[in-house]
Amino acid sequence: MKKAYPIPTETAASQARASDPKNSAWVSANAGSGKTHVLAQRVIRLLLNGTDPSKILCLTYTRAAAANMSNRVFSTLSEWTALGDAELAAKITALDDRRPDRDTMRRARRLFAEALETPGGLKIQTIHAFCESVLHQFPLEANIPAHFEMLDPQMEASLFAAARRDMISGTSAGDAGLAEAFATVLERGGEHGLDALLSEIVRKRDGLRGFIDAVGRDGAGFQALFEEFHFRPGQSAEDIAASVWPLPGFLPDFFAVFASAAEAVDARTVLNNLLPYARQAFVETDPIRRLQMLGKAFLKADGDPYDPAKAFKKALLDRLPDLPERYLAAVKAITEVSDRLALFRMLEGTVAALTIADWLIVRYERLKRGRSFLDFNDLITRTVNLLARPDAGPWVQYKLDQGIDHILLDEAQDTSPDQWEVVKRLAEEFFAGHGQRGTANRTVFAVGDEKQSIYSFQGAAPDSFADSRLLFAGRVRDAEASFADLKLTWSFRSTDDVLAAVDRVFADPGVRRGISHDPDPLDHKAIRNDAPGYVEVWPSLGADAVEEPDDWTLPVNHASAPAVRVAEHVAATIQAWLKDREIIEGKGRRLRAGDILVLVRKRDRFVHALSRALKDRDIPVAGADRLSLPGHIAVKDLIALGHFLIQPQDDLSLAAVLRSPIFDVSEETLFALGAGRPAATSLITSLRQHAGDSAALAAIVTRLDGWANEAAFRPVFEFYAGVLARDSLRKKMIARLGPEAGDILDEFLSFCLAEERTGLPGLEAFLATLENTGPEIKREMDQTRDEVRVMTVHAAKGLEAPVVFLVDGGSAPFSDQHLPRLMPFDGSGRNFDGKGYLWRSAADVANGFSKTASARARELADDEYRRLLYVGMTRAEDRLIVCGYHGKRSPSTGTWHSIVSRALTGAPESTERRHPASGEPVHRFVMTKLPPVEQAAADETRLPQQVLPLPESLYRALPPYEELPRPLSPSGASALIDEGKEAVVDTRSPVLDSEAEPGFAVMRGLALHKLLQMLPGFAEGERQGAAGQYLSRAGADWTEAERSKALASVMAILGDSRFAELFSPNSRAEVAVMGSLEVKGRLRSISGKIDRLAVTPERVSIVDYKTNRPAPATLAQVPPAYILQLALYRALLKPLYPGREVTAALLFTEAPRLIELPAEAMDDALARLTGA
DNA sequence: CTTCTGAACATTTTT
DNA sequence: TGTTCAGAAG
């Protein structure tokens, strides 16, 4: 528990107002000021005021944040269930500012159970999860496959690879336009440029699709794009280049004068290049080449003009006094025309890129759709489209509206414009009129901090937080409801020293630019006002001129690399703290390894170096939160082993295996094996030949042969697990590569297992996936494990720690390589609206327009870089240490380290001291002037908790592992009645009939099934039309008679009043059920899908559709397997609806005929199965 | 002052 | 693999 500080009235008032469910609120909060706390408070107050939990929707971006938020809410509520009356009343009074009456108290105690139990419950979700559930509810309206699945990144990559392969084969297969575009892109961008372009097309597919629709569908080859940039229709590159000639100021006659004058004075003193190139330009007839010549003649290599005052000698100027003027006129014409030409070229390239993009995206979408996949982008865009649809939209809105009255958004600064669109649509009706929902109070709440917007590469736009605030404030006020615009400035997290340092760093307007919309300087206030802390700035270490040995055979000493030295300093500091039982004064307790957080901008060698340095000192450190599996040397060795076992002639792999910890053969031995052998002899042959002379080599050969045998016959996991454990490879690897190799090997094995289940079989396929998809292992950092954590600032968002090291890698905030290849720009509205893209193929198409856009992108990236600094600095509770390193070049300005040290090293509150470990000069910035807590007292009061004995039961052996059988599916359950028989497909399948093709019967069954599932969701009047439309698509190759027969039987079923209850709006289609049941003494899991489920207060009805032809007329003719199937469903449902009768029926769609199954018949069937 | 040459350097990541 | 930057040379 943290020490409780009195909360300033200002903060208490803001928090109270923010969490007051009577008004909508927008909260702009500083780091550590209790955002999530306010949000959780608001949820609880809503519940306390009697809001139905299912009407509250909390949205966040990450699953971790969602989990965190729901933990907060539920822990408070569960606490309440156990409190005494007086305490609970006090809590509620503090929260809601009123004495609770009896009723409220009772409700408060029940909230925990209610919030958990309400169907649909309290919705605390990621925005993606929410959209997914909406789409699952309205697949037909959203025009998506009913049972879509989410596309994981690996699948996505493989779909795109397929689309790409199709494209490349498509270019050779006669699509002339595509082939030409492909050639253009390849020529301009090279292979690398093509790859970069394709992957960017993937990422920006939604925007690109819109852009292509706007400018490319006129059939005129993207003419609108050229018009947008004021090019005339039919204008060519030559036309543009030709417009520079005759050259202003250097009309041909003047050029002659100039040449003779220049020669008369002294040719060499004139511009180096002007004369020869200009002479060529004069005779050149090709306008483009002429423009190039003129450029070379009149401009410097970087495209800037010469300074005419310096470039022309005085003697020449005396003869031609208007020369500078004329020169500048010529330069102006040349640069302008070149710029237009470059822009034109860029558009040409863009057209080719768009042609490819169009093709690729269409193909990708088709592949995706064919497999009923949706990707994460689709979730958002499809939901927006669904809600925006003029026909279905309002209806969906209405159905959702019944469920949502309050929307709460966490981390709103990370919400992208698309996601805002979802929220706006959802809230559209909130403030539209008081009519429909009477007095119901409906609110929108968002909390965020634009200073912490660091996910622009995921589409988050820092501006949209403020923009949305304006929009909602307007809407709320129009509805005459109350809207609170609040700021939370007090920090519960950090000491004054840390906060003052943050304010000081961002006091410089240049540093503050783009951090926030607020023009005022940052102002952080500490609630922990008596806690001393400090901020230190260590000097940035550079690469010293370490003389590398001339003899290249000597090993290079990497210990001198700056990153490694900084890592050593950090590790040494931590070691000293732990050894000397350092006290965190602000907390009055001893520092532990888990109090330390090391933040970096990117995962580079420093992270590894630090991890290593800490392990060398026996300091517990959390493993890397992310690691690339095939990138690790241990995995590389295992891959090499696999390659060799598949292909024994693979000399390189064998050599790697021999030198690796697997065999640990010396360099000399390997040389003897490799160098002496005849030309056509492989390494393995040579090894076998030498095995006769050496027992060690013979052992290697034996072992390799054994493995080869195993690899050929065993599954991949079994093989590698055996090699690692039984053959003690794991021990060898850890001995040589260090303990972190153990983690990697564990991950490697679990990857083997996963691949074995889902991937292609065989070692070869396994190695291919491992190397190509290069899976990254993500691990959650466990904060409770008392380990030093090392992570990126991005990953640390939302975390905090008493001591934070902020390590600056010294690389420039931004480099042009980070610029997107497809540059976004805004359409003027003349030719198209919205966002467009230009393809930056190479430097030679750079032009004024693109340079402006690049400069803007650079500025935005730079702003975000400094926001990242803000996030990093504000993670610190008590102490912040800023250190860094840089390469051989002098440290560039504008990096984290230089920004912070500029602000703090000269400050009057800073003192200089020597770093105890490294001896480097260190600047310590301290604001608080408080006596340090006495060490003795601290030690006494905060002794480590007494170690309690572990419960006895922990030492008892676990019961033997019960292997769970494959889930039993009710529709195949009858096979179980005859023990030992596997469920086989009934050859006399009821859906198959003799008249028609088997394929048709199945298709027909599926189509009917789908119609019965979807149509009840439509208004009665629309059903016929929708069904007809569906059948014309799904049944395109049926006969007309078949189609109308199917339509008629579906409409008859839906129209029959006997079935009305089943298809009423309260019923549900395709309800998945799962549970377990004892079958012949064994517990079996059962899972299945109920076609239609209707629940009324009295009873639960379930129906399964069957398409038998001819349909059975009586119960006696119904196949017993069907009765058993429904009996199982019934058995699963019964305990869920105590006191209600569960009735079951079969609907034979052919007739149509509903046959009720008597309870006794089902009980009998179940009894036969369970053997009871 | 410009051009040439070789060396150094080349994100962040969730759903 | 390509671009930028610093230092040497013209």
Side-chain angles (χ1 to χ4, degrees), chain A residues 59-66 125-132 150-153 156 189-196 203 268-269 271-274 296 299-307 309-311 374-381 383 411 414-416 418-419 422 452-460 542-543 599-605 607 625-626 628 776 778 780 791-798 808-821 840-844 846 857-858 860-862 864-869 871-872 886-892 895-896:
Chain A
L59 294 178
T60 64
Y61 191 73
T62 63
R63 276 197 286 245
Q125 297 178 294
T126 65
I127 191 158
H128 288 95
F130 171 74
C131 290
E132 193 180 343
M150 292 312 299
L151 192 61
D152 64 60
E156 182 176 297
E191 204 174 343
H192 186 73
L194 174 71
D195 270 347
R203 260 176 288 141
R268 280 167 308 163
T269 63
L271 297 170
N272 273 343
N273 298 311
L274 203 153
K296 279 188 179 159
L299 304 173
K300 291 195 277 187
D302 59 2
D304 289 341
Y306 297 94
D307 180 348
K310 290 176 183 161
L374 288 192
D375 56 37
F376 289 110
N377 266 349
D378 288 333
L379 289 180
I380 307 292
T381 53
T383 307
E411 301 282 13
D414 288 336
T415 308
S416 70
D418 281 348
Q419 294 164 7
V422 174
Q452 295 187 60
S453 171
I454 52 175
Y455 282 102
S456 68
F457 57 90
Q458 285 166 17
L599 297 181
V600 295
R601 181 151 163 247
K602 58 184 177 199
R603 296 167 218 277
D604 61 358
R605 54 188 301 193
V607 174
D625 61 341
R626 185 136 324 170
S628 154
E776 270 209 331
K778 281 184 219 169
E780 285 296 316
M791 59 175 82
T792 62
V793 175
H794 282 95
K797 193 163 172 216
D808 177 13
S811 50
F814 183 80
S815 99
D816 285 335
Q817 322 232 312
H818 306 150
L819 281 175
R821 310 292 291 205
R840 240 172 17 96
S841 50
D844 62 322
R858 173 185 279 270
L860 290 176
D862 195 53
E864 183 155 313
Y865 174 83
R866 281 177 279 106
R867 288 197 294 271
L868 202 58
L869 172 63
V871 173
H886 55 262
K888 277 185 181 140
R889 290 186 203 164
S890 60
S892 42
T895 60
W896 287 348

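Computed over heavy atoms, backbone and side chain alike; hydrogens, waters and symmetry mates excluded. Proteins get letters first, then strands, A, B, ... in listed order; numbering begins at 1 in each.
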Grab the [atom1]-[atom2] distance between [X] and [N] for me, whole Å please.
X        : N      : atom1 : atom2 : value
A:Leu860 : B:dT12 : CG    : P     : 19 Å
A:Arg63  : B:dT15 : CZ    : C1'   : 7 Å
A:Glu864 : B:dT13 : CD    : P     : 12 Å
A:Gln125 : B:dT15 : CD    : C1'   : 13 Å
A:Asp808 : B:dT12 : CG    : P     : 14 Å
A:Arg867 : B:dT11 : CZ    : C1'   : 15 Å
A:Leu374 : B:dT15 : CG    : P     : 18 Å
A:Leu59  : B:dT14 : CG    : P     : 19 Å

Please give the distance between the [atom1] atoms of [N] and [M] as a whole number of Å.
N     : M      : atom1 : result
C:dC5 : B:dT11 : P     : 15 Å
C:dT1 : B:dT12 : C1'   : 22 Å
C:dG2 : B:dT13 : P     : 27 Å

Qualifying residues under side-chain contact (heavy atoms from CB on, under 4.5 Å), relative to [X], sequence neighbours excluded:
X        : value
A:Ala857 : A:Leu819
A:Ala129 : A:Gln125, A:Thr126
A:Asp378 : A:Lys368, A:Leu374, A:Asp375, A:Thr381, A:Arg382

- Task: Mind checking side-chain hydrogen bond (donor to acceptor under 3.5 Å, both in side chains) for A:Glu132 and listing every partner two or more places apart, or none if nothing turns up?
- Result: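 Counting only residues at least two positions away or on another chain, A:Glu132 forms no side-chain hydrogen bond (donor to acceptor under 3.5 Å, both in side chains).
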
- Message: List the residues meeting side-chain hydrogen bond (donor to acceptor under 3.5 Å, both in side chains) with A:Ser456, not counting sequence neighbours, and say none if there are none.
- Response: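 Applying side-chain hydrogen bond (donor to acceptor under 3.5 Å, both in side chains) to A:Ser456 gives A:Glu864.
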
- Task: Record whether the side chain of A:Arg601 comes under 3.5 Å of the base of B:dT12 through a donor-acceptor pair of N or O atoms.
- Result: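 Flag unset: no donor-acceptor pair detected.
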
- Query: Would you say the base of B:dT15 and the side-chain of A:Tyr61 have a donor-acceptor pair closer than 3.5 Å?
  - Reply: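 No.
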
- Any ion pair linking A:Arg858 and A:Asp862 (charged N to carboxylate O, less than 4.0 Å)?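 Salt bridge between A:Asp862 and A:Arg858, a charged N being under 4.0 Å from a carboxylate O: no.
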
- Message: By nearest atom, which of the nucleotides B:dT15, B:dT13, B:dT11 is closest to the A:His794 side chain?
- Response: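 Nearest nucleotide to the side chain: B:dT13.
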
- Proximal nucleotide (of B:dT13, B:dT11, B:dT15) relative to the A:Lys602 side chain: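 So the nucleotide nearest the side chain must be B:dT11.
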
- Pairing stems for DNA chain B [at least three consecutive pairs; Watson-Crick or G-U; under 3.5 angstrom]: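 Counting only runs of 3 or more consecutive pairs, the stems involving DNA chain B are B:1-9 with C:2-10.
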
- Query: Got a second to check how far A:Ile127's CD1 is from A:Asp414's CG, nearest 0.5 Å?
  - Reply: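 So the CD1 of A:Ile127 and the CG of A:Asp414 are separated by 11.5 Å.
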
- Message: Check this one for me: any side-chain N or O of A:Thr792 less than 4.0 Å away from OP1 or OP2 of B:dT13?
- Response: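 Affirmative; the distance criterion is met.
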
